[in-house]
Amino acid sequence: MTSEKSAISVSNLTKRYGNLLAVDGIHFKVQRGRIFGFLGPNGAGKTTTIKAILGLIKVDEGEIEINGMNIKENGKEAKRSIGYLPERISFYDNLTALQNLSFYAELKGSTNEECKALLEEIGLGQVMNKKVRKFSRGMIQRLGIARSLLGDPDILILDEPSTGLDPEGSLLVKEKLRSLNGKGCTIFLSSHILAEVQAICSDVIIINKGKLVAEGRIEDLSRKLEIKPKITISLDEKPPENILNELSNMQGIYKVEGKGSLIEVTCEPEVKVDVLIHLKKSGLKIKDFETRTPSLEKIFMKCIKEGS
Amino acid sequence: MKELRCVAKKEIMDNIRNKWIIFSSGILVLLLLTSLFLMPSLKYCADFKEAISQLAKLVSPIVPIIALILGYASIAREIESGTMEALVAMPISRREIIAGKFLGLLAVLVISISISFGVSAMVIAFSRTMENFSYFFLFMLYTILLGSSFLALSFFFSSLLRKRSSALILAIFIWFFFNLIMPLIQTGLLLEVGMKGALAGKIPDWFYALDFLNPLSMYTSLVDMLAGSAKNLPSFYTPYSLVAVFLIWILLFFLLTVLKFERTDI
Ligand SMILES: Nc1ncnc2c1ncn2[C@@H]1O[C@H](COP(=O)(O)OP(=O)(O)OP(=O)(O)O)[C@@H](O)[C@H]1O
Ligand SMILES: [Mg+2]
């Protein structure tokens with residue numbers, strides 16, 4: 001064990017349900033302090049992988065370590081540092097929100113005060129003494145998020161955290177995740193909302209039909225898949241041809257297109273600034289510019305197609 | 001240990017106000033009292049020692065029902081609803097979850113039987129003279145053993161199933177099996193195989209051993225022994241051995257539940 005052990009390490013994970021190979025020899029590591037998006041089409045095996053990480057299901061093969069602790073041998077200790085939001089969230093219907101949360105808090109070694117504070121923070125302060133039976137879908141989702149945050153976990157594992165949340169709720173969650181991550185919490189979340197993943201995750205892991213198809217930082221993946229960022233520059237006049245030609249000959253630039261007073265440049269991320277500098281030096285007036293990072297959607301679709 | 005207590009506490013909170021438990025405990029009180037005050041054979045009976053055999057006949061179908069209501073879906077329901085997933089993801093071992101749930105349910109069972117018997121005892125104590133109240137207390141302890149064995153049994157079966165509806169059907173079957181089918185099999189066997197011995201006035205030993213397979217038979221025997229109405233018993237068939245077998249039953253099904261649950265995908 002080294003000091004830089006991963007927060008979550010999954011090796012050769014395999015899980016069968018009867019004849020169905022739900023997860024097929026997956027390997028990956030989640031480094032500490034990062035936010036990982038775990039992506040894949042419906043039925044890809046995300047929930048199954050997450051359940052295996054938490055020791056909820058018996059796996060056919062493979063080893064899982066949480067902070068260097070094996071989940072099979074040292075499950076109780078390993079789970080102390082994890083906050084978990086299941087895909088299907090449920091609570092004891094007969095008990096109130098606060099009673100429910102206090103029960104889990106006791107198991108996590110945190111206090112009733114912390115429960116109340118969390119309920120306030122997540123927007124359930126008004127209804128904490130109401131029975132969960134009377135909660136709406138989104139309120140249950142919020143309560144589930146509060147439960148996952150009990151006891152300041154170092155690792156948060158969230159299976160589709162924004163399902164059922166209103167825009168305010170999902171914004172709240174996004175901000176909370178960023179601030180927790182700022183304090184060093186590692187986050188591993190599965191989601192189908194790629195824009196959200198792109199907005200908060202540094203890394204992604206993509207699986208399809210139980211197999212790993214891509215893993216890495218979003219920029220690295222887009223580079224590898226040759227999905228390039230594009231910048232659109234608007235000038236106050238139509239640029240001369242020779243400047244467009246000069247741009248095309250620069251290192252790291254793939255495509256230059258002039259559209260009236262607009263120029264669209266497809267290039268490596270590092271040369272975006274050079275393009276602007278070159279235009280400025282050539283005496284052109286830049287009115288505005290917009291850079292578009294490659295969308296995660298493109299990466300996702302490309303990976304899924306190549307994988308199958 | 002803290003985890004175990006915490007789960008047990010939640011289980012008690014979640015079950016103690018179960019309306020079916022309250023309802024069947026009420027029935028139990030009603031049966032005990034009406035029989036002691038209205039049944040001709042018990043109305044003038046001044047000694048608990050004489051009354052308990054008859055009372056046991058009334059109690060023995062009801063107490064298993066209370067136990068089955070508590071246990072039948074206790075695991076299946078949590079798996080079906082999804083609360084088990086959140087619980088297993090907490091820093092707690094599966095063994096602790098099962099032990100905590102079982103102890104919590106056991107506490108609810110003991111509370112409901114004790115209250116039913118306690119209320120009945122108080123009403124009797126205030127309204128008529130009965131001797132040998134200590135027999136009533138022993139009678140209650142035996143009843144708790146009976147309930148606990150059914151609780152352990154239904155708890156185990158609830159770990160085999162993932163759906164509440166199938167667990168309910170199984171619970172009904174268990175009740176029928178031990179209340180009606182087992183006694184039929186036992187009598188049938190006795191008539192078929194043990195006729196000679198029975199005719200000679202001595203029931204063969206193996207027939208008594210069969211009782212160990214049915215908590216209700218064990219309960220009846222224990223009560224009969226208490227009332228002094230059991231005669232010519234084999235030497236292995238004593239209150240001590242019966243209580244020991246009860247405890248083995250409870251422990252066995254509890255352990256089977258732990259073994260099963262440790263292998264269950266949540
Ligand atoms: N308990 C189970 N029994 C049998 N098959 C199952 C079980 N759970 C999941 N599966 C199967 O395993 C595969 C992976 O399911 P999983 O729930 O992991 O997908 P997912 O990636 O989470 O999908 P989604 O995006 O829809 O949540 C699916 O084909 C599913 O049908
Ligand atoms: Mg899923």
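Model, not experiment: these values are computed from the prediction. Here is the naming used below: chain letters follow the sequence lines, and residue numbers restart at 1 for every chain.
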Item to complete: For B:Ile98 and B:Phe155, run side-chain contact (heavy atoms from CB on, under 4.5 Å): C-alpha distance rounded to whole Å, both residues' side-chain angles, the deciding distance at 0.1 Å, then the answer.
Response: CA-CA 9 Å; B:Ile98 291 302; B:Phe155 195 60; 3.7 Å; yes
Worksheet item: Quick one: what part of A:Lys58 sits under 4.5 Å from any heavy atom of chain B, side chain, backbone, both or neither?
Response: both
Discussion item. So for B:Arg263, is it side chain, backbone, both, or neither that comes closer than 4.5 Å to the heavy atoms of chain A?
Written reply: backbone
Fill in: Ring centroid separation B:Phe150 to B:Phe178 under 6.0 Å
yes
Worksheet item: Non-hydrogen atoms of chain A under 4.5 Å away: do they reach the side chain of B:Arg77, the backbone, both or neither?
Response: neither
Worksheet item: What about the rings of B:Phe139 and B:Phe117, do their centers lie closer together than 6.0 Å?
Response: yes
Worksheet item: chain A: which of B:Arg17, B:Met13, B:Glu262, B:Glu78 shares the most heavy-atom pairs with it under 4.5 Å?
Response: B:Glu78
Worksheet item: Are the charged groups of B:Glu96 and A:Lys76 less than 4.0 angstrom apart, N to O?
Response: yes
Worksheet entry | NZ/NE/NH1/NH2 to OD/OE distance under 4.0 Å, A:Asp159 and A:Lys51 | no
Worksheet item: Checking A:Leu95 against chain B: side chain, backbone, both or neither under 4.5 Å from a heavy atom?
Response: side chain
Worksheet item: Is it the backbone or the side chain of A:Phe103 that comes under 4.5 Å from a heavy atom of chain B, or both, or neither?
Response: both
